[in-house]
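What follows is one structure encoded as structure tokens, with my remarks underneath.
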Protein chains: 2
Amino acid sequence: MYKLSERSKKVLYAVVQSYINYPDPVGSRIVTKRYSFGLSPATIRNIMADLEDMGFLTQPHTSAGRIPTDLGYRFYVDSISSKGDVSANIEIEILHGLYNRLQVLKNNIELLLSETTKSLSALSHYLGVAMSPAPDVTVFGKINLLKYQSDKVAVVLFTDDGRIKNKTLQVSPEISQKDLNRIAQYLNSEFAGLTFDEIRMRLLKEISKDKTKCDTLISRALNLCREALYFTFNELFVSGLSEVLELPDFADLNKIRELSKAIEDKHMIIKLLDKLSETEGLKVIIGSENTVSSLKDISLIVSPCKEGDRQVGVVGLIGPTRMNYAKAMYIVENTARFITKMLTER
Amino acid sequence: MYKLSERSKKVLYAVVQSYINYPDPVGSRIVTKRYSFGLSPATIRNIMADLEDMGFLTQPHTSAGRIPTDLGYRFYVDSISSKGDVSANIEIEILHGLYNRLQVLKNNIELLLSETTKSLSALSHYLGVAMSPAPDVTVFGKINLLKYQSDKVAVVLFTDDGRIKNKTLQVSPEISQKDLNRIAQYLNSEFAGLTFDEIRMRLLKEISKDKTKCDTLISRALNLCREALYFTFNELFVSGLSEVLELPDFADLNKIRELSKAIEDKHMIIKLLDKLSETEGLKVIIGSENTVSSLKDISLIVSPCKEGDRQVGVVGLIGPTRMNYAKAMYIVENTARFITKMLTER
DNA sequence: TTTAGCACTCTCAACCCTTAAGTGCTAATA
DNA sequence: TATTAGCACTTAAGGGTTGAGAGTGCTAAA
């Protein structure tokens, strides 16, 4: 890694700051004018040339000013995260906006997350995203099997964190409610406290073991269980497309197409958030830091939400790399904190 | 209404057809070249001028060809709906694509509808939409109230058409599972066969009657019921944004913004589809025929899906007014028919 | 080490011009 | 009388030129 002199840092910071506020390439004159270094444009020019050599800045073309590279943004983000220089009145907005909307939804985390994305995007003018926890951190709560019409079984699954999942299964030879209750009881005692990844593994083992015995009745029950327990836990919520379309960064049709494809391919975002949600606290991914190539022109800010010390979701923002990181990070952090607080202290 | 000569009709039809295939204003020369009328451009010009006077065509500017107005498209749609001139191999695509994907989802209509939108948009390159039925046509099936943790009640509601809805309620003084069972039993017997609109009305009456008596226990139960039965039934599914962004009609940034706003304001589309879903069969709404002003530049094709003679959803396509109506109508109609068949004959 | 000066580069908007497409009107034609 | 050929007119779009403006890198002076 390069070592930057204190002065270079200040200039780099100023360039990024200016570009974030104003979507025009930043020239040496602007830097001297908007930020009072005691230096002439020529000197700034030299510094900026150095910063370009080091990979922090780049030029759209020879006679334009400079704009930050992803590395430049990274420097910026790393230096603000310790500061926290956003006006505090956003917080009040957040609290008010969220409080009224979400208070009602305490008991429905999925709806709560989905509403949160709206609030996030409204506050930030970026894409609000949220995701409910993956099966490897979702803990089994309770299962109910309800007979429904003659040949159908409704599966109602409670996760430990208060989500309810349901589905209908068709069972070819009828099963009585009594038998269903017994199966449910078995599952409840067997799987209490396990995550769904663990449960799946256990079931898989069970089934392969069972095959040797060839007991059709038990194997039927096992298959039923497997089906009954298969749900998509990772639900992704996104909103605010019309917000980001107002940004100059998405004035280009191709950029919009890329973004809309990225949004539609939820699977990919889920995978990404999944990986990120393992870490604690606020996380910022800038442009090509992202391994997923289709997201290499956008940045992502995420933070997990908790209830007690169980994770109940991830919230975040997606925007252009030229993003108001300070504000966006502030919003994400406080939204996550707010939800955590609300869920924990009830 | 104007009376059109047979010849004028043919010209109008040709103009619309040409413009749909080719997004360029249609001139008199093109008409004579692409469609063999035994007439010279000058004559066609006269006819087209008449058609413009009558409001079927319009000119982007003086020296351009003509493009259809919404009225022009309307004429076109009305004249093809009796014909059906789409190559039949789309049908095979539809059946194959849908069959494999949807067969599994017979028991989950909401997932089925959501998957259907993807298939619709992939086939048509327009926006695929689908909506589950509104509370005024959704019939109560069965309710289960399950005690869950000490102060929570999980409501699991089965609609007549096989949807399952659930939510968690917080109840301040605990209620025993036994009492919950009694309440559920009461609701099941009381509301069997009613639509949710009817149920809400009945409950409202019940509650106002109850107030005079001031029996807190019953009133608590009633409030619980009211909460327990309040769900959003109208679920809207949309997909294929990235498909429509490829169309030349949405090359303009403002058009995209409008569209994305329309998509995000699901409430409005729901209201619209709701109104449309009352009618039988395929319905086409072209541009400003739509009363909702924000949708005045796009067209909408919808058709209800049924199971037996109960409506289980609406499917459709949203696209620019310059839409391949023949193909789109064909796709929507057959998709709806396919789903209806699949659900009915199981 | 910093800065002033200057030549150089590049984009962007404005402008002009030409081309091409298409129109409406009029007068000739079948 | 309906159709058509001919023609003048309109307009958008593409291409080329030009000048302004912004910004740079380099050099030489402070």
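Chain letters run A, B, ... following the sequence lines, proteins first, then strands; residues in each count from 1. Because the structure is predicted, anything quoted here is derived from the model rather than measured. All values below come from the heavy atoms of this structure, side chains included, with hydrogens, waters and symmetry mates left out.
Remark: A:Arg66 is in phosphate contact with D:dG25, judged by side-chain N or O atoms under 4.0 Å from OP1 or OP2. Residue B:Thr43 places no side-chain N or O under 4.0 Å from the OP1 or OP2 atom of D:dT3. Residue B:Arg45 places no side-chain N or O under 4.0 Å from the OP1 or OP2 atom of C:dT26.
If you find the closest nucleotide of DNA chain C to B:Gly65 and to A:Ile44, the one lying nearer the 5' end belongs to A:Ile44.
Dense packing is recorded around NZ of B:Lys266, with more than 12 heavy atoms of other residues, nucleotides or ligands lying under 6.0 Å away. Within 6.0 Å of CZ on B:Arg29 lie no more than 12 heavy atoms contributed by other residues, nucleotides or ligands. For A:Phe37, the CZ atom sits in a packed shell: over 12 heavy atoms of surrounding residues, nucleotides or ligands are nearer than 6.0 Å.
Distance B:Leu57 CG to C:dG22 C1': 14 Å, rounded to the nearest Å. Per the geometry, NE2 belonging to A:His61 stands 15 Å off C1' belonging to D:dG25, to the nearest Å. The CG-P distance, from B:Leu51 to C:dG22, rounds to 17 Å in whole Å. The OH-P distance, from B:Tyr22 to C:dG22, rounds to 12 Å in whole Å. Atoms CG (A:Asp24) and P (C:dT11) sit 16 Å apart, rounded to a whole Å. Straight-line distance from the CD1 atom of B:Ile47 to the C1' atom of D:dT3: 10 Å, rounded to whole Å. If you measure from atom CZ of A:Arg29 to atom P of C:dA4, you get 12 Å, rounded to the nearest angstrom. Distance A:Lys33 NZ to D:dG23 C1': 12 Å, rounded to the nearest Å.
Under 4.0 Å is where a charged nitrogen must lie from a carboxylate oxygen, and between A:Glu264 and B:Lys118 no such pair does. Between A:Asp70 and A:Arg74 no salt bridge is recorded (no basic side-chain N to carboxylate O distance below 4.0 Å).
Here the nucleotide nearest the side chain of A:Ser63, chosen from D:dA22, D:dC26, C:dT2, is D:dA22. The nucleotide whose nearest atom lies closest to any side-chain atom of B:Asn46 is, among D:dT24, D:dT4, D:dG23, D:dT4.
B:Tyr76 pairs with exactly one of B:Phe56, B:Tyr13, B:Tyr19 by the ring-ring contact (aromatic ring centres under 6.0 Å, His included) rule, that one being B:Tyr13. If you run side-chain hydrogen bond (donor to acceptor under 3.5 Å, both in side chains) between A:Ser299 and each of A:Tyr126, A:Tyr73, A:Tyr325, only A:Tyr325 comes through.
A heavy atom lying under 4.0 Å from DNA chain D marks none of the residues of residues 34-42 of chain A.
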